[in-house]
Structure formats: structure tokens, C-alpha cells
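I'd like to ask some things about the structure below.
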Protein chains: 2
Amino acid sequence: MRMSAEERRESVVRAAMIEFARGGYRGTSTEAIARRVGVSQPYLFRLFPGKQAIFEAAAERCVEETWRVFDEASAGLTGSAAAEAMSEAYMGLVGDRDQLMMQMQLYVSVFAARAAGEEGIGDSARRLWESLFERVRIRIGGDMGDATHFFAHGMLINTLVALGFPEDHRIWSGFNAHDPAE
Amino acid sequence: MRMSAEERRESVVRAAMIEFARGGYRGTSTEAIARRVGVSQPYLFRLFPGKQAIFEAAAERCVEETWRVFDEASAGLTGSAAAEAMSEAYMGLVGDRDQLMMQMQLYVSVFAARAAGEEGIGDSARRLWESLFERVRIRIGGDMGDATHFFAHGMLINTLVALGFPEDHRIWSGFNAHDPAE
DNA sequence: ATAGGTAGTGATTGGCCACTAACTTAGAAC
DNA sequence: GTTCTAAGTTAGTGGCCAATCACTACCTAT
């Protein structure tokens, strides 16, 4: 049961991704995260300086993880073949809703922070996101419009997942309509 | 200063859209909404049964408002001309971030409700969104793929706005690349 | 003018939650 | 087996917030 602080931090990040994805920043208590980790709530504050730091770690992990999925799916491919492979991989993430929702929570949290006058998290989030965008853009051939197109569909998938449209709902039928060609 | 309950409800909905857009459901206090309206906090509970109901009213208004923008922009147009006009109108909404962010807050709130085991708000949100989708689809010619494409780009705009990329950032340059053709 | 309904407020409360402080226990090293 | 360090806990605090209750002010009709 006992593990090193570094290992614990790792499991906290994983638990936090799930809890924050479902509840958002304000809607998630540190108690809930601790319970999922299997540790007492105050101990989180010995592993991280505060709730905010846990969220930021989870957010960063989430973006990294997304790239990992893209990277694995498109290994050795380029151009539209890579785009297709990554699209398919992202559709696969629909089954792991927490991953997609953590992204959304990051987006709205950045906005909330900005609205509250704190710019801290925004900078790092933009850097993370832009870096993901760039890596994908290069992988699919370098065209800006293609990358925009790719991410646009990803964001729509996030939205439909958030709203809870079942997988066989007709709203999903618009995907794959143009995809193979592009 | 004194106004009818109906008028007050109207101004509460408008104020709530702004506050919820910036803070999210959990991050917005009824106190903040009341302050923006210029009314005491307890009075909100005479106008609405609870915080949840205020959020739902704001969410519905937000989707309706989005359609109003699309409808006005594309009045008399059809097909790709309508799509172009609506795209441009949506880009115009980037200047009114609260409108876009209220959408995002609705999406994550629906997911949060689902995760917490309450399905109530999800049903109405999906109905609202699908109805918007359908009206747009018809307006731009009826093709499912085109409508998907249209909304995908809208959702990406939401994301970039949330993350706070400045308007002249290169991340925006991927729009308009394919747009006129489609 | 007064009666009655509607708009609106002040005071309060019970519950939750991030965070702190003080303490306890496991295990590695010798 | 004792000692020392790092992992972990129990108990508590101050602040915030949704919702309630009892009350006051305004307007309108007769």
C-alpha cells in the first residue's frame, strides 16, 4: 500500500483526470480525488501545493496523453493517411469519455481564470495546445487548413460526447461523409 | 427600478448568461448573478425555483440566441452562400465571448450531470442542440456532412476563444483556407 | 385613504470544502 | 533492534454559498 511520493503523485494525477473531467474544477472536491486514490484528503496537500496545481498537472497529462494516442496511431504514416489514422484513433477515445472531457474542462477553466483576472494557467494551456496542434499539423503534411479541419472535427466530437448523444444517433452520421477524401 | 416579475426574470437570464459563461455552474454564486441584476440574492429564489433552473433558462436562451444570429445572417440565402454568411456571423461572435462560453458551460454541465447520475438537463440540452443543428443543416442545403463540417469549425472557434488565443495569432489562420470553396 | 396583492430586502443557517497543524506508523540502514 | 526519515492520518478551522423565513415598501383599484 505504501509508495513513494512520486508514485503517489502519479496516481493522484490519474485520479484527478477522472474526477475533474466529470465535475470540472469547482465541482470536484479534493476529498473526491483522495477517495479515488485511496488516501486521506489532507495528504494531497503534501504532494501538491494546492488544488490548482493538481488540476494543472492533470491538464498537462491529458494533452500529453492525447498526443501519445495520435502518435501511436499514426506511427510511420504521413499526409492524409496519418490524418485518417489519427481521426480514427480519436473516435476511439469516445469510449474513454473522461479523456475528452478533461480537455473541455481545461478550456473552460482557462476562460474562467481569465475572466477572474488570473492569467497564469492560460499561458501554459495555450503553449500545450499549440504544441499539440503543431505536432499534428506536421504529421499530416504541414498544411494549416488541414490541421484546422482536423481539430475542428475533434472539438465537435468532444461536444457530442459531452452532450451524451448515443453512438448510434444520427447526429454522428455526418462524420466519415467527407473524411476518406481529405 | 421596480419591474414585473416577468421583466425581472428576463434580466436575470441575461445576467446569468454572462456570469455562468465566465464561472461555470459551480463557480458562479447566485450572489454574483443577483449583484449583476441589481437585486437581492434571495429574490432570485422567488423568480426561479433554484440555481439549476436559472442555469437552464440561460442555456436555452443561449442556444436560441445562436440561432437568431445564424438566421439573421443568412436570411434569404441557401446552400454554401448561407453557410458562408453564418460562418462569418459566428466569427463575429468571437467578439462576444460570453455567448460562446455559455455554450461550452452547457456542454460540460450536461456531462457533469450525467456523471452524477442526473439525466434531467441532458435531454433538453440534446433536444435544443439537435434542433439548432437541424435548422442550420436545412438552411445550408440539407447535407449532413456539410452541417457537421460547419458545426465542427464552430466548436473549434469556441475552443480557441476559451483558451484565449489573440485574434491575430497564427492558430486562427487555418480558417478561411478552405471555407469559400465549401 | 385604505386594502390587498406583488416587488423586494435583511438576517440567518446548515452544509460543504480547501487547507493547516499536530500526531502516528512503516520501513530501510546500520 | 534501534534510529531516522518519509509516508500517511485524525481533528479542526475559517470562509463561502444555496436556500429559507419573516419582514417591508410600493402600486393599483375601489
Side-chain angles (χ1 to χ4, degrees), chain A residues 1-59 105 108-109 112-113 115-118 120-121, chain B residues 1-59 105 108-109 112-113 115-118 120-121:
Chain A
M1 281 298 166
R2 206 133 182 247
M3 52 180 80
S4 79
E6 210 43 63
E7 287 170 317
R8 272 296 184 219
R9 257 186 284 268
E10 171 62 27
S11 41
V12 169
V13 169
R14 277 202 303 270
M17 274 186 63
I18 296 173
E19 293 296 333
F20 280 130
R22 298 179 186 180
Y25 182 70
R26 299 296 294 265
T28 298
S29 67
T30 55
E31 171 66 35
I33 297 170
R35 199 163 37 233
R36 181 171 291 274
V37 176
V39 93
S40 71
Q41 178 262 350
Y43 188 48
L44 297 185
F45 293 86
R46 195 158 299 193
L47 299 171
F48 293 87
K51 186 185 182 184
Q52 182 82 30
I54 301 177
F55 183 82
E56 286 171 20
Q105 300 292 1
V108 301
S109 294
E118 312 141 22
I121 193 183
Chain B
M1 281 300 168
R2 206 134 184 254
M3 53 180 79
S4 78
E6 211 43 64
E7 287 170 316
R8 272 295 184 218
R9 257 187 283 268
E10 170 63 25
S11 39
V12 168
V13 170
R14 276 202 304 270
M17 274 185 64
I18 295 173
E19 293 296 333
F20 280 130
R22 298 179 185 180
Y25 182 70
R26 300 295 293 265
T28 299
S29 66
T30 55
E31 172 66 35
I33 298 170
R35 199 163 37 233
R36 181 172 292 274
V37 175
V39 93
S40 72
Q41 178 261 349
Y43 188 48
L44 297 184
F45 294 85
R46 193 157 300 193
L47 298 171
F48 293 87
K51 186 185 181 183
Q52 182 83 30
I54 301 178
F55 184 82
E56 286 171 21
Q105 300 291 1
V108 301
S109 295
E118 313 141 23
I121 192 182

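Quick caveat, the model's predicted, so the values are computed rather than measured. Quick note on labels: first sequence line is chain A, next is B, and so on, each numbered from 1.
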ask   = How far apart are the closest heavy atoms of A/A16 and A/I54, and which atoms are they?
value = CB-CG2, 3.6 Å

ask   = Any N or O donor-acceptor pair linking the side chain of A/Q41 to the base of C/dC19 at under 3.5 Å?
value = yes

query = What distance do B/Q105 atom CD and B/R26 atom CZ have between them, rounded to the nearest 0.5 Å?
reply = 13.0 Å

query = Taking atom CD of B/Q41 and atom OG of B/S29, what is their separation to the nearest 0.5 Å?
reply = 8.0 Å

message = Rounding to 10°, can you tell me the angle the first-five-pair axis of the helix from C/dA1-D/dT30 to C/dC30-D/dG1 makes with its last-five-pair axis?
response = 0°

request  = Report yes if some heavy atom in the side chain of A/Y43 is under 4.5 Å from a heavy atom in the side chain of A/L47; otherwise report no.
outcome  = yes

Smallest separation among heavy atoms of B/F48 and B/A57, with atom names = CE2-CB, 4.1 Å

note = B/E7 CD to C/dT6 C1', in whole Å, measures 13 Å

inquiry  = Rounding to an integer number of Å, can you tell me how far B/I54 CD1 sits from D/dC17 C1'?
reply    = 13 Å

message = Heavy atoms from C-beta onward define the side chain here; which of D/dA19, D/dG8, C/dG8 lies closest to that of A/M3?
response = D/dG8

ask   = Atom OH of B/Y43 and atom P of D/dA18: how far apart are they, to the nearest Å?
value = 19 Å

query = What integer distance in Å separates B/R46:CZ from D/dA25:P?
reply = 15 Å

query = How many Å lie between CE on B/M1 and P on D/dC26, as a whole number?
reply = 13 Å

Stepwise side chain to side chain contact (heavy atoms under 4.5 Å, CB included) check, A/E10 with A/E6 = CA-CA 6 Å; A/E10 171 62 27; A/E6 210 43 63; over 6 Å; no

task = Output all residues satisfying side chain to side chain contact (heavy atoms under 4.5 Å, CB included) with A/Y25, sequence neighbours left out; order by chain, then residue number.
result = A/F20, A/K51, A/Q52, A/F55, A/S109

key: Non-hydrogen atoms of B/I121 and B/A113 that approach each other most closely   = CG2-CB, 3.7 Å

task = Select base, sugar-phosphate, or nothing to describe what B/R8 touches, counting heavy atoms under 4.0 Å on all strands.
result = sugar-phosphate

request  = Using atom CZ of B/F45 as one end and atom C1' of C/dG10 as the other, report the distance to the nearest whole Å.
outcome  = 15 Å

Among D/dC21, D/dT10, C/dA18, the nucleotide that comes nearest once only the side chain of A/P42 is considered = D/dT10

request  = With sequence neighbours excluded, tell me which residues meet side chain to side chain contact (heavy atoms under 4.5 Å, CB included) with A/R35.
outcome  = A/E31, A/A32

Atom pairs, N/O to N/O, protein against nucleotides 1-4 of chain C, distance under 3.5 Å?
none

key: For the student: nearest non-hydrogen atoms of A/S11 and A/V37, plus distance   = O-CG2, 3.9 Å

Could you list the protein-to-nucleotides 2-6 of chain D atom pairs, N/O on both sides, closer than 3.5 Å?
from  : atom 1 : to   : atom 2 : distance (Å)
D/dA6 : N3     : A/R2 : NH2    : 3.4

task = Specify the residues of residues 11-40 of chain B, ordered by number, for which at least one heavy atom lies under 4.0 angstrom from an atom of DNA chain C.
result = B/V39, B/S40

remark   = note: B/L47, atom CG; C/dA7, atom P; distance rounded to Å ~ 8 Å

query = Nearest heavy-atom pair of A/R46 and A/R9: which atoms, and what distance?
reply = O-NH1, 4.5 Å

ask   = Which atom pair, heavy atoms only, marks the closest approach of A/V13 to A/A58?
value = CG1-CA, 4.1 Å

